[in-house]
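Chain A is the first sequence line, chain B the second, and so forth, proteins listed ahead of strands; every chain is numbered from 1.
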Number of protein chains: 2
Amino acid sequence: MPSHPAFELFVRKLCERSRLTDDERRAILAIDGQEVEIPPHRDIVRPGEVTEFSCLVVSGMAARFGQLPDGTRQITAVYIPGDMCDLYSLMLPKVEWALQALSSRLTIIKVPHRPLLELVRAYPAVAEAFWRDCVADASILSQWVVNVGRRDARMRTAHLFCEIGLRMEKAGLGSRTAFQLSAIQSQLADALGMTPVHMNRVIRALRQDNLLLVQGRDVQVPDWDALAAVGGFDGAYLELDDRWRRVE
Amino acid sequence: MPSHPAFELFVRKLCERSRLTDDERRAILAIDGQEVEIPPHRDIVRPGEVTEFSCLVVSGMAARFGQLPDGTRQITAVYIPGDMCDLYSLMLPKVEWALQALSSRLTIIKVPHRPLLELVRAYPAVAEAFWRDCVADASILSQWVVNVGRRDARMRTAHLFCEIGLRMEKAGLGSRTAFQLSAIQSQLADALGMTPVHMNRVIRALRQDNLLLVQGRDVQVPDWDALAAVGGFDGAYLELDDRWRRVE
DNA sequence: CGTGTACTTGAGCGTACTCAAACATAGTGG
DNA sequence: CCACTATGTTTGAGTACGCTCAAGTACACG
């Protein structure tokens, strides 16, 4: 019986960073959960909640965000198919952020914590692989702070599109120069710490410079190196290759 | 033979979030490393480097930061005594950030990865405790993004001082209303994504409102609740209590 | 007593914000 | 087939927060 494609994608990503035996891989693929469709604007998990599952993205995109008392939101992570959102919660089930659909159509698999915990306790190598996945997520988060804190709106935007493009390409969902982005401008603004109006102007400016063409879902990058230069982008932080992984 | 106080502090922090047996605690305390003093403005680790140790802060403060091509810096984490900086690097030895002294006097213990790895492989509960520590660090990082992305300079500053105060108090290094901060204004500016000049004005304004008194190393908070209100601070994200930790 | 480091203050400017409205586009029901 | 509605994008005008450049002050240290 073939396992779910999203799990295959997830395991493939893990194996890019960690060395897993066939046995361990099979053990991960044996896990399953409830596949659900999430309507837009509804929280999958809410801040302060104690969760009992992590979410594997099947199709569409999800985002993790923090919220201020006045309702202002800041997206702190974007998840694409094959990403296990909130793997963190396996170690700290009380989450301090919200998880929401970014796209109008999001399908996820709710993976219960219990079998995941049994898995990491049976296979230490899997525990390390999951831990490493969390660390890679934190590496992206760290870059996000730099992005929001020290780059201007134009650089920030270019940087985000480079990151998402590269991640989509690595996941086999289009190329870095042409992919589907299921997020509207005001959500991008929430990710980059700016207002929707200004977001619009920046995207427009990038389009006029022929650096970035966003039309509805479709994103096209005529000259990727140029966009990367504008964003000061260096993809090393994504930790997507295993050249320097510990192998002992 | 008594172990180093910094290790005691580290283990105490771990135990606030994770359940460890005496045996496991002793195993962690048995680790040691080289104690070194780090002069200011010198990197402990540099981006792109492959590290072979993590750093346990003994005294003073350290910071992790990202750097832009033009040399602009953004601090993404602040570490106080008892914190194991860069525990991340145990899983991903090639680091994408720099680690530097924040204070003029920083003493750390360079803890080699090898014994740490042997430890986590011998004691799965220790691996989980370390993993959980990384997740808590990421929780702080996530809040940092919200702080820099969506709060104005005044809120941001108040929030940072609330966070550091609370962490210092929990570590037994002063109270949230009176502690020693070994960072200069331009470093605070690097942490909050603003210029040193503006940082100065904001601190000054907070002082005039009798919310925050910073004088040299000394930080005093006349009315902590008021400062927390200004910063919209809720300490839950620090994950410093174990009420909701998984105990199974 | 000179030098270096950190802090303080001032003036002018620009990026990004706010408020507001117009314009697409797609879906829905009469 | 055309209002009608909802959602998202685009544009304009005015404002302000935080930046830059620049100078001056306080204090520690050799």
Whole angstroms only, please: what is the [atom1]-[atom2] distance between [X] and [N]?
X	N	atom1	atom2	result
Leu206(A)	dT10(D)	CG	C1'	16 Å
Arg217(A)	dA26(C)	CZ	C1'	12 Å
Met155(A)	dA16(C)	CE	C1'	17 Å
Leu192(A)	dT15(C)	CG	P	18 Å
Gln208(A)	dT10(D)	CD	C1'	12 Å
Gln187(B)	dA6(C)	CD	C1'	11 Å
Gln215(A)	dA24(C)	CD	P	14 Å
Leu181(A)	dG8(D)	CG	C1'	14 Å

Looking at [N], I'd like to know if its phosphate oxygens (OP1 or OP2) sit under 4.0 Å from a side-chain N or O belonging to [X].
X	N	answer
Gln185(A)	dT10(D)	yes
Arg204(A)	dT9(D)	no
Asn200(A)	dT10(D)	yes
Arg207(B)	dT8(C)	yes

Worksheet item: What is the nucleic acid contact for Arg154(B), judged by heavy atoms within less than 4.0 Å: base, sugar-phosphate only, or nothing?
Response: nothing

If we ignore hydrogens and angles and just use 3.5 Å, is the side chain of [X] paired with the main-chain N or O of [Y] as donor and acceptor?
X	Y	answer
Ser139(B)	Tyr237(B)	yes
Thr177(B)	Val221(B)	no
Gln74(A)	Asp190(A)	yes
Arg156(A)	Leu192(A)	yes

Protein heavy-atom contacts under 4.0 Å, written 5' to 3' over nucleotides 19-30 of chain D as B (base), S (sugar-phosphate only) or - (none), form the string SBB---------

Quick note, Ala153(B) side chain, CB onward, closest among dA16(C), dT10(D), dG18(D) is dG18(D)

Between the OG1 atom in Thr51(B) and the OH atom in Tyr88(B), the distance rounded to the nearest 0.5 Å is 14.0 Å

Before accepting this row, confirm whether a basic side-chain N of the pair Arg64(A)/Asp137(A) lies closer than 4.0 Å to the acidic partner's carboxylate O. yes

### Message
Is it true that, when you exclude Arg105(B) itself, more than 12 heavy atoms of the residues, nucleotides or ligands shown sit nearer than 6.0 Å to its CZ?
### Response
no

